[in-house]
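Accompanying notes for the structure given below.
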There are 2 protein chains.
Amino acid sequence: MDRWRALGVDAVTRADLLTQRLSRFASLSAEEIALANALATKSEDFPGGTELIAEGQSLDMPHLLVSGWACRFRMLPDGRRQIFEFILPGDLYGLCLRPQAIALTTAISLTPVVIADASALGEAITQPEKYPGLTLACQITASLEEAYLLNQLMRVGRQTAYERTAHLILELHERLSIVGFADETSVPIPLTQEIMADALGLSVVHLNRTLQQLRRNQLIEFKSGYVKLLQPDQLAEIADFRSPRVTRRSALA
Amino acid sequence: MDRWRALGVDAVTRADLLTQRLSRFASLSAEEIALANALATKSEDFPGGTELIAEGQSLDMPHLLVSGWACRFRMLPDGRRQIFEFILPGDLYGLCLRPQAIALTTAISLTPVVIADASALGEAITQPEKYPGLTLACQITASLEEAYLLNQLMRVGRQTAYERTAHLILELHERLSIVGFADETSVPIPLTQEIMADALGLSVVHLNRTLQQLRRNQLIEFKSGYVKLLQPDQLAEIADFRSPRVTRRSALA
DNA sequence: CGGGAGCTTGATAGCTGTCAATTTATGTGG
DNA sequence: CCACATAAATTGACAGCTATCAAGCTCCCG
């Protein structure tokens, strides 16, 4: 499970990860920034494959994924697995304002991860008057999450393997760009093809062939753990990719 | 578009629809009940095919679907359509606490509908101290909506046509039961097979054959607008159907 | 009674999954 | 640093689920 260490996937542990992302959605006061930055200071490491939340477990404590990748998924009795969404560095999970809430899905780490307790943030956003910026930013974050879930449904329900693979790559590129992990054309994707296939609703074999087709068509390059976008615009056209807009104010992500 | 009138789909307009559903999730005070019941008193009719919300439009006013069916969907440039979720009688839509929010998807009516302005409810739940029951019930409702979205993703991503069709029927049965529109074994489903296919990520032709297969196997009966569950337990087994649990308290729906 | 939407059916293609085997990459221990 | 063990990626052959195309049928409505 150390295959990603060399890629820097878990090497980067920036305390301002969350802050950087949230301040993109709302202006934060100095106090709010301090609160968000403080989260990452006391964090814990886990190897890949660690169960972070179990379906049905009570959601009493939100967490911040400081580094590494995780995902939420569900399985059928015979082993078929559907990954609902990826949790990327800077993402929050296990956050639900309502009391007595329980997790709708299991979540596991896909790479080695660093995780911080975000209960301070969870409490902060129950006081919107005191932390207006954090509250708004978290709400926007939640909307974005829904938007990504809808994208996922659109991919899996109505797009061909070719289209949906392109679409997912673009989405990951966008999300990672927001937290500064991807540049204009390069996306670190520390996923085995099996995991990617489970997210896309495809078999491993077919995903493999689809990736090769994308490569043959000069649309992407992929070496271990990295995807390079050779023709981002044409990819977006093929995938009908559009950045989600969830709010009227900011141009958004 | 009048094919459903005879089925009573839009004939039933109960003022307590919403109340009945919400009180299942939290105990409501007399004042809260009055507020919820008052919504349905001034409502408006629209024919099937009416656009209720446009993607990108600002979400300033929540609505209550008093009667009839609607759905949220998105389309690809070439016309392929994915329905994300159905909006059933007693459901709220267009509700987002955050200011400046915009709709992530378009919503249209699938049958003639009766719609009420629910802004009073939207304002009520910004005062949790005053309306604790309504607030909690709405939050649980939102969680349930997410649960149904995840179900939808599971169906479309990893289940066969046969399984996913069974699963959707069971889910609709459950949701309609909560508002008293379905009995133990009978589900009114006022959808054309084309619409159902767009929800299931299938072609009309294949859905048609799948429905016939379910019928041949003595699992369901379907006449115009109604589905009868002949062997609910076996259906649930085939579909791996489980009622969503979103909260620790109530046994939930 | 005619027209149209929705439903059904048959024939056919093709996308995607499954199975099995091979190659390549990665990680470990000597 | 090399050899082995294992995981991941590839490849080929083949089956099968699902889509597409086209035509006929049924029911409802005007």
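Basis for what follows: all heavy atoms, side chains included, without hydrogens, waters or symmetry-related copies.
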### Message
Taking atom CD as the centre, does B/Gln231 end up with more than 12 heavy-atom neighbours from other residues, nucleotides or ligands that are less than 6.0 angstrom away?
### Response
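Check passes, neighbour count above 12.
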### For A/Arg245 against B/Leu104, the heavy-atom pair lying closest together
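Here A/Arg245 and B/Leu104 meet closest at O-CD2, 3.7 Å.
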Under 3.5 Å between N/O atoms: give me all the protein pairs with nucleotides 12-15 of chain D, atom names plus distance.
from   : atom 1 : to       : atom 2 : distance (Å)
D/dG12 : N7     : A/Arg209 : NH2    : 2.2

Nearest whole Å is fine: how far is [N] [atom2] from [X] [atom1]?
X        : N      : atom1 : atom2 : answer
B/Ile189 : C/dG6  : CD1   : P     : 17 Å
B/Gln213 : C/dT9  : CD    : P     : 13 Å
B/Asp198 : C/dG6  : CG    : C1'   : 14 Å
A/Leu202 : D/dT18 : CG    : C1'   : 14 Å
A/Leu200 : C/dC15 : CG    : C1'   : 15 Å
A/Ile195 : D/dA7  : CD1   : P     : 14 Å
B/His206 : C/dT16 : NE2   : P     : 14 Å
B/Leu211 : C/dG6  : CG    : P     : 16 Å

### Query
Hey, are B/Arg72 and A/Glu146 close enough for a salt bridge, meaning a charged N less than 4.0 Å from a carboxylate O?
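Salt bridge flag = yes for A/Glu146 with B/Arg72.
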### Distance-only donor-acceptor check, side chains B/Glu51 and B/Thr106, under 3.5 Å
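No.
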#### Entry: B/Tyr148-B/Glu174 side chain donor-acceptor pair, cut-off 3.5 Å
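Looking only at side-chain atoms, B/Glu174 and B/Tyr148 do form a donor-acceptor pair, the distance falling under 3.5 Å.
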### Message
If you apply the rule side-chain hydrogen bond (donor to acceptor under 3.5 Å, both in side chains), what do you find for B/Asn151 with B/Glu171, and how did you get there?
### Response
CA-CA 9 Å; B/Asn151 277 352; B/Glu171 186 178 288; 3.0 Å; yes
#### Entry: Earlier contact from the 5' end, DNA chain D, for B/Gly201 and A/Glu194
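Mapping each residue to its closest nucleotide by heavy atoms, the 5'-most match is A/Glu194.
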#### Entry: Proximity to the side chain of B/Gln193 - top-ranked nucleotide from C/dT8, D/dT18, C/dT18
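Selected nucleotide: C/dT8.
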### Message
By nearest atom, which of the nucleotides D/dA9, D/dT18, C/dT8 is closest to the B/Gln212 side chain?
### Response
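Between D/dA9, D/dT18, C/dT8, the one nearest the side chain of B/Gln212 would be C/dT8.
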### Task
Side-chain contact test, heavy atoms from C-beta onward, threshold under 4.5 Å: evaluate it for B/Pro89 versus B/Trp69 and give yes or no.
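In contact.
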### Message
Is A/Asn208 close enough to D/dT10 that one of its side-chain N or O atoms is under 4.0 Å from OP1 or OP2 there?
### Response
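Answer is yes, contact under 4.0 Å.
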